[in-house]
Amino acid sequence: MNSDIRVRFAPSPTGYLHVGGLRTALYNYLFARAQGGVFVLRIEDTDRTRLVEGAVENLLRTLSWAGLECDEGPAQGGPFGPYVQSERLELYAAHIQTLLADGKAYRCFCTTERLAELKKAQAAEKRPPMYDRRCRTIPVEEAERRAHEGEACTVRMKVPLLGEVVFTDEIRGEVRVSASVIDDQVLLKSDGYPTYHLANVVDDHLMRISHVIRGEEWLPSTPKHLLLYDFFGWTPPRFAHLPLLLNADRSKLSKRQGDVAVEDFRAKGYLRDALVNFVALLGWNTSDNREMFTLPELVAAFSLARVGKAGAVFDHDKLDWFNAQYLRALPADALAALCTPHLEAAGVDVGDRARTDAVLAAVLSHLTVPADVVEAARIFFEAMPLAEEGEAREALAAPGARVVLESFARLAGDVSPWTRDAVKECIKAVQKDAGVKGKELFMPIRAALTGRAHGPELPVIAELLGRDVCLERILAALR
RNA sequence: GGCGCGUUCGUCUAGCGGCCAGGACGUGGCCCUCUCAAGGCCGAAACACGGGUUCGAUUCCCGUACGCGCUACCA
C-alpha cells in the first residue's frame, strides 16, 4: 500500500450520478488501486440553494453498485474527515482569515445587482466579463469595520496583476495562462459558505490528495487553484484533466439528450460490469485491441498515461453490445435471477425452474437487457394471435399449409418422448408425408405454434411448449 | 468577445518519422439456416486545411479552420 498516493472523487450531490461522474470516479478508483493508493470520496455540497434530499445516500448506493468502494468517505469516515464540505465550514473560515491577514484576499461589498450591471456593460463593450476589482482598494480597516457592522460581503482572492501561471497537466502537458485574464474569484460567499475553488483547494491539501483527476471542465480554473496553493504556501497536487463525455452532437454529455444517470441505466437493466467496461473505454485503452475487462482487470491494466485528450461520444449502440455480451456470459442462475422478475411482472408462472431456464437459453441471443425477455419469451407462455404478424398469416394461408399441419398433428401422437430431437425427426416425417420441405414445411408449423414468423429453432420451441400445447395450437390454427 | 483545450473511418480508438493507416461498435454482402437473433467470413468507411522541419510526415513545429469547455456569491 502506497498511502502517499491519494485521490478523490468529489461530486456535488445533485440527486443522481452522471455517467461522466461515474467515469471520473472509475478512473480515480483505478488509479488508486493500480498504485496501491487511497481512494477518497468527498461530498461537495457548498451550494445550499441546490440541496437535494437523499442525494448523498443515492450517490453512495450507486457508487457501491458500480463496485467503486472508497477507502475514506462520508460512510466510513477516515483520518481526514469530515468528508462532507458543509460540515467543514470552520475550516474554510479559518483559512479565509489567513488569506485576509496575509493580504491574499479582500472583502468585496459589491451587490449582486452591481455585479450584474457590470457584466452587462462589459458585454455591451465586448470586454471580457471580469470583476473590476473595485473593492480591492478598500482599506483593510474600513473593510473589517463594515463587515463587523454586518454589511454583507464576500471574500475574493487577490490575483496578481502580472505574471503567468504555468503547470503540467498529467494528460495535456504544459498549460500556461496569463494572470491578467484570471478573475478575482469569490472564495467565500456572503452566506458564509465557500465556493468550489476555496473548498476544493483547502480540502485537497488537508486530505493530502496527491493527484486531482477530474473533468476537463475544470482545466480553466486550475490556475486559480494553483494561485491559492501558492497563497497558502502549499505544494499543489498533480493535476490530470480528463476529456469530456459527449452527446452525439459532440456537446458536453447532458440530460435532455437521453439518459445520463447511472441509475437510469441500472433501472433499464444494464449490468454494472457492462456499464463499467464500456465507460472505462471512453477515453482510455490498452493499445492491444483488447476491450473486455472486469473491474479487477481494469485495475491491473490502467494507467493515466494511456488516457486520451479528446472528448468521447457516448455511443449507446456500443453500450448495448457490451451489455448483450455480458448477458450471454452469465451463468444460468444469474441470468434467471435477472430475467424472472420481468416474467413474473408480466404475469408468467415461472414455477418450473428447469423450463424457465430452458426458455431463457432459447431466447438469450435476442436479449440486450433482461427486460427484453418478456417479449422474446411470450410465445412460450401464451398463445399468440395468429393474425398478429402478417408473415405468419401468410404462412398459414399458403397452399400446402393445411396439409402440413394436419400431418404434423397426426404424426406428433407417435412421438415419444417429446424432445427436440424427436420433434426434429417428426418434422422430417411430416416432410415425407406432406411432400413439402424447407419454408413451406417449417413456416406453417412455426406460425401455428407461435403466431409469429420469427423466433428460436422450431424443435426447441416445440419441446419447450410440450406436445399438448403444440397440438392444441395446431388444431386452433386449423380452425 | 476573451482564455483554454482538442481534431485518425459515422462512433470508440491503435499509431509515438518510412504501415497496403490496424481493431471494435454500427453499417453493406455472403455463409449457416425454416425464420429471426447469435455466430463465422468478406467489404465500404478516416489521418480537417496550409505552411514549414526532414531524404521522408498521420506522427515534430507554426499558422488557419472547425469543435468543445470555461468565462456565477454552481459545481
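A note on names: the letters A, B, ... follow the listed sequences, proteins ahead of strands, and every chain is numbered from 1. The figures that follow rest on heavy atoms only: side chains count, while hydrogens, waters and symmetry mates do not.
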**Study point:** Given B:A75, B:U71, B:C34, the nucleotide with the shortest approach to the side chain of A:P459
**Key:** B:C34

**Study point:** Base-pairing mate for B:C49 - Watson-Crick or G-U, with both contacts under 3.5 Å
**Key:** B:G63

Check your understanding: Choosing from B:A14, B:U35, B:C25, which nucleotide comes nearest the side chain of A:W321?
Key -> B:C25

Look for any protein N or O under 3.5 Å of an N or O in nucleotides 4-7 of chain B and output each such pair with its distance, or none.
residue: B:C5; atom: O2'; partner: A:R172; partner atom: NH1; Å: 2.7
residue: B:C5; atom: O2'; partner: A:E216; partner atom: OE2; Å: 2.6

Check your understanding: Under 3.5 Å, is there a donor-acceptor pair linking the side chains of A:T195 and A:R156?
Key -> no

Review point. Where the side chain of A:P128 is concerned, which of B:G1, B:G39, B:A72 is the nearest nucleotide?
Key: B:G1

Review point. Looking across every strand, which nucleic acid part, if any, lies under 4.0 Å from A:T154 by heavy atom: base, sugar-phosphate, or nothing?
Key: base

Check your understanding: When you measure from the side chain of A:K439, which nucleotide among B:C34, B:G2, B:U71 comes out closest?
Key -> B:C34

**Study point:** 5' precedence on RNA chain B between A:W284 and A:L367 (nearest-nucleotide basis)
**Key:** A:W284

Review point. A:R446 has a side chain; which of B:C74, B:C34, B:U13 sits nearest to it?
Key: B:C34

Point to revise | Candidates B:A75, B:G15, B:G22 - which lies nearest the side chain of A:N289 | key: B:G22

Exercise for review: Look at all strands and tell whether A:R290 reaches a base, only sugar-phosphate, or nothing, counting heavy atoms closer than 4.0 Å.
Suggested key: nothing

Practice item. Go through B:G15, B:U13, B:G10 for me and flag the one nearest to the A:A312 side chain. Key: B:U13

Check your understanding: Do we get A:R378 above A:F380's six-membered ring, with its NZ or CZ under 6.0 Å from the centre and within 45° of the axis?
Key -> no

Point to revise | Closest to side chain of A:K252, choosing from B:A37, B:U11, B:G69 | key: B:G69

Review point. With a 4.5 Å heavy-atom cut-off, do A:M157 and A:L228 have their side chains touching?
Key: yes

Review point. Between A:K437 and A:Q431, is any side-chain donor less than 3.5 angstrom from a side-chain acceptor?
Key: no

Exercise for review: Specify the residue among A:E291 and A:P456 whose closest nucleotide of RNA chain B lies further upstream toward the 5′ end.
Suggested key: A:E291

Check your understanding: How are the rings of A:F265 and A:F314 set to each other: parallel, tilted or perpendicular (split at 30° and 60°)?
Key -> tilted

Point to revise | Nearest-neighbour nucleotide for the A:T195 side chain, B:A14, B:C34, B:C73 considered | key: B:C73

